[in-house]
Amino acid sequence: MNQGSTDIRLLLVVGIAAMLMLFISLLLIFIFTQRKKLQFQNELQAMQNAQKNQLIEAAVRSEEIERHRIAEELHDEVGAILGASSLHFNSVRIEDPDESNQSIYQKGKDLLDEGINKIRGLSHSLHSNILQEFGLNEALSHFCGKISHESVVEISVTLDPSYPTQVGQNDISIYRIVQELINNINKHAKATKIFVRSIYLNKTLMITLTHNGKGLTQSHFEELRFKKDGLGLKNIQNRIILLKADLKFSHHAGGYAIDISVPVD
Amino acid sequence: MFKVFQIVIDWSEVWALLIPISLLLFRKQPALLKPVVFYVCIALFINLAIDLTWKIRTILPAKYNSNNYLYNLHSIIRFFLFSTFFIRLKQPFLTTIKKIIPFCFLAFVIINFCFYENFFDYWKLSSRLLSVEAILLLFYTLQYYLFKINDSPEVNIFNSDFWIVTGLGIYVTINFFIFLLYNELTIRMEHFAISLWNAHNISYVIFNLFIAKGFYESREH
C-alpha cells in the first residue's frame, strides 16, 4: 500500500513538473520568437524608411542641380542671345518712319525687353544667387519684395536676424518651400495680405506664413498632396521629410496660417 | 496563523474570481472576451455554492450536502465558454478541429454520465471529466501559441488574449495530473488529496490573476 501511495505521489509530482516545464518552455519559445520577428520587422521598416528618405534626397538634389543648369542656360545662352538681339534692334535706324512702322518697331522693342526681363526673372527664380551669396533671410526678403505689389498682394516680412547667413544644404529646401507656398497662396488663395515671420530658437527655425485669403486646413492638405495635380504640395512634403521638419496648416479667426518648424544642426 | 491561511485558501475559489470581476466594473470588455466575462460571473456563483455546501454540510440534509456535482457542472461550463473564446479568436489554424471538439466533448459527457459515471455522485467528483476537460483546454492553449509563433508578430505581444490563454495554460498544466489521479488519491490517501486541493486552489488564484490582467489590457473603457 505504502509503495502504491509513494508511486502515485511520485507520478503526480513528476507529471506536474514535466507538464509545467514543457508549458514554460513553449511559452519562452513563443515570447522569444515573437520578439525576434518584431525586431526584424522594425529593422526592415527602418531600412525602408531610410531608403525612401535617400530617394527623396536624391530627387530633391537632382531637381536643384537641374534648376541650376536650366537657370545658367537661360541666363548665359538665351539671355545673352536676347541681349544681343536687343542691341542690334536698338541700332536699327529707320529714316522717316511712318506711324505704322514706328508703332511696330516700338512694339518689337517692348516685346524684346519684356522677354529679356522674363528670362532674367525665370533664371533667378530657378536658382537664387542671393541665397548663395547673402543667405536665407536676404533671399526670402528679396523674393517677397519682388512678388509684393501694393494693388495686388502686400507681403510683410519679419525675419529673425540671429539665423546664420552661412548657407547650408537645408537653406535651399527651406527657400523652395516658402517660395512654393507663397506662389500657391497667390495662385489659389487670392490673398491680399501675406505675413512672413521667422524665429530662430534652440537650434530650430520656425517660419510662419499667415494670409487673409482662402487657405488650406491640415486635413485638406493631406488629401491634396496625394493627388497627381497637387505636385507642388508633394514636393513641399518631400522637402519637409528631407529636412525632418514639421508642417502644419491651420485656420483661425484672422485667416489661415502655415507653420514650418525646421531643426537646424 | 495556519488556520487563517487555510481558511483563505479554502475560500480562494470564490475570492479569486472577485479579482477579474472587480475590473469589469471599470472596463467594458470587447466582444472577443465576452465568453471569459460570462465564465467569471457564472463561476463565482457555482464556486460560492461549492464552498458554502462544503462549509455547511453538517447542517444541510444528506441529499444536498455533496458539492461534487457542482465541480462537474463548473468543468462543463468552463470548457464550453473557453472553447467559444478560442473559436472567436478566429485564428486560421485547425479551425475545423477546434469547432468539432466541443461536440465531441458533449458526446463524451452524455455517454460518460449515461453509462459509466453518475453526474450527481455523492462521494466523488468526476476525475475523468475534469482531466478530459483539462487536456482539451491544453490543446486549445498549445495551438494558440503554435499559430502565433508562425504568424506575423503584433506590435504588442502581451495583449489581453495572451494573458488569458497563458493563465488557462498554467491552470490546466498544473491540474491535469491532479484531476487525473484525484479519485485514486481520495481512496488511498485522503489527507494528501485534501492538501493537494490547496495546490489546485493556488493555481486557480494564479489563473484569475492572469484573467484580470487580460481584462486590464483590453483597450475599451
Side-chain angles (χ1 to χ4, degrees), chain A residues 1-56 218-219 222-223 225-226 237 240-241 244-248, chain B residues 127 131 134-135 137-159 161-163 165-193 195-200 202-203 206-207 210:
Chain A
M1 196 66 150
N2 267 339
Q3 184 62 29
S5 305
T6 311
D7 286 345
I8 289 180
R9 243 194 269 234
L10 189 65
L11 178 64
L12 193 65
V13 170
V14 167
I16 292 173
M19 293 275 279
L20 255 179
M21 263 175 51
L22 279 168
F23 181 76
I24 288 168
S25 308
L26 182 68
L27 194 61
L28 289 172
I29 290 168
F30 165 75
I31 291 170
F32 179 73
T33 51
Q34 289 290 94
R35 281 191 195 270
K36 271 270 172 236
K37 278 201 271 184
L38 202 62
Q39 194 184 1
F40 174 73
Q41 214 172 53
N42 288 341
E43 280 168 12
L44 195 66
Q45 185 68 35
M47 265 174 56
Q48 282 172 345
N49 286 343
Q51 195 183 38
K52 196 178 88 171
N53 285 345
Q54 277 176 354
L55 285 171
I56 290 171
Q218 187 66 26
S219 50
E222 264 150 41
E223 200 186 298
R225 70 190 161 121
F226 292 111
Q237 185 64 26
I240 291 289
I241 293 170
K244 293 185 181 54
D246 197 36
L247 177 69
K248 268 199 197 73
Chain B
S127 269
S131 53
I135 205 72
L137 287 177
L138 188 61
F139 164 77
Y140 276 114
T141 306
L142 294 176
Q143 68 78 37
Y144 170 87
Y145 290 125
L146 284 171
F147 171 74
K148 288 273 187 175
I149 284 169
N150 288 324
D151 194 25
S152 49
E154 291 162 12
V155 176
N156 182 19
I157 305 167
F158 304 115
N159 52 16
D161 45 86
F162 168 81
W163 291 110
V165 172
T166 303
L168 181 67
I170 292 170
Y171 176 74
V172 295
T173 303
I174 292 172
N175 289 289
F176 170 69
F177 275 96
I178 294 174
F179 292 153
L180 190 67
L181 300 169
Y182 200 70
N183 285 157
E184 202 58 39
L185 286 170
T186 49
I187 296 165
R188 294 187 190 216
M189 297 176 285
E190 192 184 331
H191 291 295
F192 177 68
S195 306
L196 193 61
W197 202 250
N198 292 334
H200 162 269
I202 291 169
S203 68
I206 296 169
F207 176 33
F210 275 84

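Note on naming: letters A, B, ... go to the chains in the order of the sequence lines (proteins, then strands), and numbering restarts at 1 for each one. Everything quoted here is computed from the prediction, not taken from an experiment.
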Inset, instruction - Find out whether B:Leu196 and A:Leu12 are in side-chain contact, i.e. whether some heavy atom of one side chain is under 4.5 Å from a heavy atom of the other. - result: yes

Legend entry - Part of B:Leu138 within contact of chain A (heavy atom distance under 4.5 Å): side chain

Legend entry - Contact origin within A:Phe23 toward chain B - heavy atom pairs under 4.5 Å: side chain

Inset, instruction - Please look at B:Thr166 and chain A and tell me whether the side chain, the backbone, both or neither of the residue comes under 4.5 angstrom of a heavy atom of that chain. - result: both

Legend entry - Heavy-atom side-chain proximity of B:Lys148 to A:Thr33 below 4.5 angstrom: no

Inset, instruction - Would you check if B:Glu184 and A:Ile8 make a side-chain contact, meaning some heavy-atom pair closer than 4.5 Å? - result: yes

Legend entry - Among A:Leu26, A:Leu20, A:Leu22, side chain to side chain contact (heavy atoms under 4.5 Å, CB included) partner for B:Thr173: A:Leu20

Inset, instruction - Using a 4.5 Å cut-off on heavy atoms from C-beta on, say whether the side chain of B:Phe162 contacts that of A:Leu27. - result: yes

Inset, instruction - Please step through side chain to side chain contact (heavy atoms under 4.5 Å, CB included) for the pair A:Ile31 and B:Phe158, ending with a clear verdict. - result: CA-CA 9 Å; A:Ile31 291 170; B:Phe158 304 115; 4.0 Å; yes

Legend entry - Heavy atoms from other residues, nucleotides or ligands near CD of A:Glu43 exceed 12 (cutoff 6.0 Å): yes

Legend entry - Residue B:Phe147 excluded, over 12 heavy atoms near CZ under 6.0 Å: yes

Legend entry - Sidechain-backbone polar pair: A:Lys37 side chain, B:Ile149 backbone, donor-acceptor under 3.5 Å: yes

Inset, instruction - Sort out for me which of B:Leu146, B:Ile170, B:Leu185 touches chain A most, counting heavy-atom pairs under 4.5 Å. - result: B:Ile170

